[in-house]
Amino acid sequence: MTAGGADATSGHLPVLYAQVLDGLRVHGDGRYLDGTFGRGGHAGGVLERLGPDGRLLVMDKDPDAIAVAEHRFGDDARVSIRRGSFADLASWDAAAVAPLDGILFDLGVSSPQLDVAERGFSFGKDGPLDMRMDPDAGERAADWIARASEAEIADVLWTYGEERMSRRIARAIVARRAEAPFLRTADLAAVIAANVPRKHKPGQKETHPATRSFQAIRIHVNRELADLETGLDAALDALRTGGRLAVISFHSLEDRIVKRFIAGHAKAPAGNRRLPEAAPFVPRLRIVADAARADEAELRANPRARSAVLRVAEKLAPGGAA
Ligand SMILES: C[S@@+](CC[C@H](N)C(=O)[O-])C[C@H]1O[C@@H](n2cnc3c(N)ncnc32)[C@H](O)[C@@H]1O
C-alpha cells in the first residue's frame with residue numbers, strides 16, 4: 001500500500017481515505033469492522049493505526065475480495081475475515097463482533113468488479129450478463145432479464161436508475177428477448193443505447209446511455225438497498241457507546257437511506273399538535289460532521305470519487321447522552 005491507501009496491484013484507490021480514517025477515529029486497541037473490504041484500501045489504513053491489541057473484522061460478499069483479504073491480511077492475528085453480506089451482521093456470534101469502536105460501509109461496486117469483464121457488470125467491456133457481487137447467491141442479471149415482466153423491468157430501471165426512458169427500454173428488451181435471450185453485457189447495452197436519446201453537451205464527457213439501466217439492474221440483482229437498510233440497523237446495535245459509523249454512498253438513493261437513518265436516530269421528529277404526545281425521543285446517534293465529498297485533487301486522481309458522499313455518526317449512551 002502506498003500513502004493514501006492506493007493498492008498498486010489492483011489499481012484501486014479508496015475514496016475519501018483520510019476523511020474515513022479521521023471519521024472512524026481509529027485508536028490502537030479498538031475493534032473495527034470494514035463491512036465492504038473490496039481491495040482493502042481503507043482496511044489497510046485502519047490496520048496501520050491499530051496496535052497489537054486492536055482487532056479488525058473484514059467482510060465482503062465477493063469471493064475475489066475475500067481472496068485478496070486472505071492474501072494480504074490472512075497471517076495478521078488482529079484480522080478476522082468473513083465472506084458474506086453486512087446485512088447478516090446481526091446473525092454473527094455477537095461476542096465475536098460487538099461491541100465495535102467503528103464500522104465502515106463503502107457501498108457499491110469496486111473498480112476491479114467493474115474492470116473484469118467476466119463479472120458482467122460492465123457495459124463497456126463485453127462479458128457474461130451476471131452482475132452478482134456474490135456469484136453463489138441470488139439471480140444472475142441474465143436470468144432476471146429473461147423472466148421479469150415488462151412492467152417489472154420498467155419499474156426497476158425507473159426506481160433504481162431514475163431512467164426516464166424506462167418503459168421504452170423495457171418494451172425493447174421484452175421484444176428482443178422473444179427472439180434471442182440476453183446473455184452478454186454488450187448485447188444488452190446495445191439494445192438499451194438504441195432506445196435512449198443522446199444528450200451530449202459539447203465539452204462534457206459523454207456518459208454511456210446504458211449507465212443508468214446497468215446501475216439499476218445491479219442494485220436490483222444484489223438487493224443493495226434492502227441490504228443497506230438491514231446493515232445500518234445491525235451496525236447501530238453492534239457499535240459501543242462512542243463508536244463511529246462511517247458510510248460512503250455513490251448515488252442519491254443510497255445517500256437518502258443513510259441520511260434518513262442517521263437523522264432519524266439523531267434528531268427528534270417534528271411534532272404534530274393534532275396527535276397525542278408521542279413517547280419522548282431518545283437519540284441513539286450524534287451527527288459528527290456534514291456530508292463530506294472528494295476535493296479537486298482527489299477527483300483528478302480518482303474520477304470514481306465524483307459521486308461519493310461520506311456520512312459519519314457516533315453512537316450515544318443508552319439515555320441519549322454523548
Ligand atoms: C466500493 S468497494 C469497497 C472498496 C474498499 N473500501 C477499498 O478500499 O478497497 C465495495 C465492496 O463492497 C462489497 N459489497 C457491496 N455490498 C456489500 C454487502 N451488502 N455486504 C458485503 N460486501 C458488500 C462489494 O463486493 C465490493 O467489494
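Residues take their numbers from the sequence shown, with the count starting at 1. Note that ligands are numbered from 1 as they come in the structure, with each ligand's atoms numbered from 1 the same way.
- Distances from ligand 1 to the non-hydrogen atoms of F37 include at least one value under 4.0 Å.
- Only the backbone of L107 comes within 4.0 Å of ligand 1, counting heavy atoms alone; no side-chain atom from C-beta on gets that close.
- The protein heavy-atom contact nearest to atom 22 (N) of ligand 1 is K61 N, 3.2 Å.
- Using a 4.5 Å cut-off on side-chain heavy atoms (C-beta onward), Y160 and H251 make no contact.
- Under the 30°/60° scheme for interplanar angles, the aromatic rings of F214 and F123 are found to stand perpendicular.
- By the 6.0 Å contact criterion, NE2 on H27 is enclosed, its count of non-hydrogen atoms from other residues, nucleotides or ligands being greater than 12.
- Among all protein heavy atoms, the one lying closest to atom 24 (C) of ligand 1 is D60 OD1, 3.4 Å.
- The protein heavy atom nearest to atom 12 (O) of ligand 1 is T36 CB, 3.2 Å.
- Heavy atoms of R83 found under 4.0 angstrom from ligand 1: none, in either backbone or side chain.
- Judged by distance alone, the side chain of D53 and the main-chain N or O of D29 form no donor-acceptor pair under 3.5 Å.
- Residue D62 has no nitrogen or oxygen atom sitting less than 3.5 Å from a nitrogen or oxygen atom of ligand 1, judged on distance alone.
- For atom 20 (N) of ligand 1, the closest non-hydrogen atom of the protein is F86 N, 2.9 Å.
- Within the 4.0 Å heavy-atom criterion, the part of Q113 lying near ligand 1 is the side chain and not the backbone.
- With respect to R311 and D290, no salt bridge is recorded, no charged nitrogen being found less than 4.0 Å from a carboxylate O.
- With respect to the salt-bridge test (charged N to carboxylate O, under 4.0 angstrom), the residues E139 and R132 do not qualify.
- Donor-acceptor pairing under 3.5 Å is recorded for the side chains of S85 and D227.
- Heavy atoms of H42 approach ligand 1 to within less than 4.0 angstrom.
- More than 12 heavy-atom neighbours from other residues, nucleotides or ligands sit within 6.0 angstrom of CZ on R168.
- Within ligand 1, the atoms closer than 4.0 Å to a non-hydrogen atom of R39 are 7 (C), 9 (O), numbered from 1 in the order shown.
- Closest heavy-atom approach to atom 4 (C) of ligand 1 among the candidates L16, D106, V109, I66: D106.
- In terms of protein heavy atoms, atom 15 (C) of ligand 1 is closest to M133 SD, 3.3 Å.
- Cation-pi geometry between R306 and F250 is not met at under 6.0 angstrom from the ring centre and within 45 degrees of the axis.
- For atom 8 (O) of ligand 1, the nearest non-hydrogen atom of the protein is G41 N, 3.0 Å.
- Close to ligand 1: G40, with a non-hydrogen atom less than 4.0 angstrom away.
- A cation-pi arrangement is present between R176 and F182, with the terminal nitrogen or guanidinium carbon under 6.0 Å from the aromatic centre and inside a 45° cone about the axis.
- Taking any N or O of F250, backbone or side chain, none lies under 3.5 Å from an N or O belonging to ligand 1.
- Those atoms of ligand 1 with a heavy atom of R304 less than 4.0 angstrom away are 1 (C).
- The closest non-hydrogen atom to atom 2 (S) of ligand 1, taken over S110, G231, A308, G35, comes from S110.
- Side-chain atoms of D76 come within 3.5 Å of backbone N or O of R78 as a donor-acceptor pair.
- Ion pairing of R83 with D134 is present here, as a side-chain N (NZ or NE/NH1/NH2) and a carboxylate O approach within less than 4.0 Å.
- Contacts between D227 and ligand 1, counted as non-hydrogen atom pairs separated by less than 4.0 Å, involve the side chain only.
- The closest approach between any non-hydrogen atom of G84 and ligand 1 is below 4.0 Å.
- Within the 4.0 Å heavy-atom criterion, neither part of I248 lies near ligand 1.
- Looking at T211, its side chain never comes within 3.5 Å of a backbone N or O of T207 through a donor-acceptor pair.
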